[in-house]
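Here the structure is a predicted model, which is why all the values come from computation and not from measurement.
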Amino acid sequence: MSTRSDRRTRVTVLVALAANLVIAAAKAVGGVVAASPALLSEAAHSVADSLNEVFLLAALRRSRRPPDRRHPFGYGKERFFWSLLAAVGIFVMGGCFSFYQGVDAFRNGEEKNLDGYVAGLVVLGVALLAEGGSLLRALYQVRKQGGAVQGLRDPALRTVVAEDGTAVVGVTLAIMGMGLHMATGQVVWEAAASLAIGALLVYVAYRLGREARDQLIGEAADPEASGRIRALLRAQPEIDSVEALFTMKTGLDTTLVAARVDLVPGLDSERVEEVAVRIKRSIVGIIPEAEQVFLDVTDRHAPDAREAWESPAATGERGGA
């Protein structure tokens, strides 16, 4: 992903952060005044979202640091780590607090003064407009970055879309719960709305956390990219067979490629090194995100072939160049 795309994602996150900070304050005040569990649940939801946007801004900044001696594969996975923290924040601050509000309302379901509920519904109506605007901004960026498949590869953007989409559904549930409470006088409707908001947040947190976990522990490149690399290797006249091919995403747009191949017999060390450089450049040509390419040979026919394939041209530099 380009720096320009990062800038667009940063703007999207900042828009979501500004909306959530204002909405969180309004919901909290309205929830305390109206003593509404559904509105307080939504306040906790917005606070969690605001904290998560701070995490995502940190991810955008830190993941672009260049490789160094301590982290030779770069800092691309910072993006996944901070997205995992955002998922934990949604679960703990949003989901758990919403469950608490819902259970407490069920246990203490006495009649409440509904005087502040009209103001609370107004707050939720404004929140719905703001969250909807933030969601539209995020979806617009997804479309600009190639649609759902390409745009949602970015965990920061994916998290914003999930948060804003969840927020729209959560506010709608809170409005329904408060409205039914006002119409029937039964707090059970608000309690149910709080529990539904909590369940929604836990589900979203689980999905985001699972995706971040898969990327953190080392997710392979997509099958289509791996297939192209394998086809390229098999098409080389100097390669007799491809014994193994391993790929791992080391960041949002960086991938490690490691291949074990069997050479045709009769190649000297100079020829092997030339072949290694050419193959690695070809891999980078078809998979630009291949930041590191490692090649290993299983051929034992030439005594000096193994030494050549363990040279820097075969095992270390980007593209073998």
Would you name the heavy atoms of Lys27 and Ala127 that are closest together and state the gap between them?
CE-CB, 3.8 Å

May I ask you to decide whether Glu78 forms a salt bridge with Arg62, counting only side-chain N to carboxylate O separations under 4.0 Å?
yes

Verify same cluster id: Val11, Tyr140 (apolar side-chain graph, 4.5 Å):
no

Counting C-beta onward and ignoring hydrogens, is there a side-chain heavy-atom pair between Leu139 and Arg143 closer than 4.5 Å?
no

Between CG on residue Leu57 and CH2 on residue Trp82, distance to nearest 0.5 Å:
11.0 Å

Any chance you could lay out the side-chain contact (heavy atoms from CB on, under 4.5 Å) test for Met182 and Leu121, step after step, and finish with the verdict?
CA-CA 11 Å; Met182 293 178 67; Leu121 288 173; 3.5 Å; yes

Do you know which two heavy atoms are closest between Ala138 and Val161, and how far apart they sit?
CB-CG2, 3.7 Å

Qualifying residues under side chain to side chain contact (heavy atoms under 4.5 Å, CB included), relative to Ser98, sequence neighbours excluded
Ser41, Ile197, Leu201

Can you tell if the side chain of Val187 reaches within under 4.5 Å of the side chain of Phe106, non-hydrogen atoms only?
no

NZ of Lys77 to CD of Gln215, rounded to nearest 0.5 Å, is 9.0 Å

Name every donor-acceptor pair, under 3.5 Å, that has one atom in a side chain of residues 68-75 and the other anywhere in the protein, sequence neighbours excluded.
| residue | atom | partner | partner atom | Å |
| --- | --- | --- | --- | --- |
| Asp68 | OD1 | Arg70 | N | 3.1 |
| Asp68 | OD1 | His71 | N | 2.7 |
| Asp68 | OD1 | Tyr75 | OH | 3.4 |
| Asp68 | OD2 | Tyr75 | OH | 2.5 |
| His71 | ND1 | Tyr75 | OH | 2.9 |

Looking only at heavy atoms, the pair that brings Ala259 and Leu233 closest together is CB-CD1, 3.8 Å

Specify the closest pair of heavy atoms between Val257 and Thr247, including all atoms of both residues, with the distance to one decimal.
CG2-CG2, 4.3 Å

Are Leu84 and Leu208 packed together at the side-chain level, in the sense that at least one heavy-atom pair is separated by less than 4.5 angstrom?
no

Rounded to the nearest 0.5 Å, how far apart are CD1 of Ile217 and CZ of Phe80?
12.0 Å

Where do Ala43 and Ala28 come nearest, in terms of heavy atoms and distance?
CB-N, 3.6 Å

Say you draw a straight line from CG of Leu14 to CD of Glu53; how long is it, rounded to the nearest 0.5 Å?
9.0 Å

The test is side-chain hydrogen bond (donor to acceptor under 3.5 Å, both in side chains); show your working for Glu224 and Ser226 and say whether it passes.
CA-CA 5 Å; Glu224 191 269 339; Ser226 296; over 6 Å; no

Answer yes if Val264 and Val272 sit in the same cluster of Ile, Leu, Val, Met, Phe, Trp and Tyr residues linked by side chain heavy atoms under 4.5 Å apart, and no otherwise.
yes

Can you find a pair of side-chain heavy atoms, one from Ile279 and one from Gln236, that are under 4.5 Å apart?
yes

Rounded to the nearest 0.5 angstrom, the CZ-OG distance for Phe55 and Ser83 is 11.0 Å

Verdict with supporting geometry, Arg234 and Ile239, side-chain contact (heavy atoms from CB on, under 4.5 Å)
CA-CA 7 Å; Arg234 287 174 172 168; Ile239 294 179; over 6 Å; no

How far apart are the closest heavy atoms of Ser46 and Ile23, and which atoms are they?
OG-CG2, 3.6 Å

Using the rule that two of Ile, Leu, Val, Met, Phe, Trp, Tyr join whenever any of their side-chain heavy atoms come within less than 4.5 Å, decide whether Leu195 and Val202 are in one cluster.
yes

Is Val242 reachable from Val284 through a run of I, L, V, M, F, W or Y residues, each pair having side-chain heavy atoms under 4.5 Å apart?
yes

To the nearest 0.5 angstrom, please state how far the CD atom of Glu190 sits from the CG atom of Leu40.
9.0 Å

Hey, quick one: are Leu245 and Leu295 part of the same hydrophobic cluster, counting side-chain heavy atoms closer than 4.5 Å, chains of contacts allowed?
yes

Before you tell me yes or no, could you show the steps for Ile283 and Leu232 under side-chain contact (heavy atoms from CB on, under 4.5 Å), namely the whole-Å CA-CA distance, both residues' side-chain angles and the distance that decides it to 0.1 Å?
CA-CA 7 Å; Ile283 290 174; Leu232 183 147; 4.1 Å; yes

Side-chain contact, heavy-atom cut-off 4.5 Å: Thr250 with Thr255?
no

Residues Leu128, Val168; criterion side-chain contact (heavy atoms from CB on, under 4.5 Å); working and verdict:
CA-CA 6 Å; Leu128 185 61; Val168 169; 3.9 Å; yes

State, with a plain yes or no, whether a side-chain heavy atom of Leu180 is found less than 4.5 Å away from one of Gln186.
no

Could you tell me whether Glu238 and Arg278 have a side-chain N and a carboxylate O separated by less than 4.0 Å?
yes

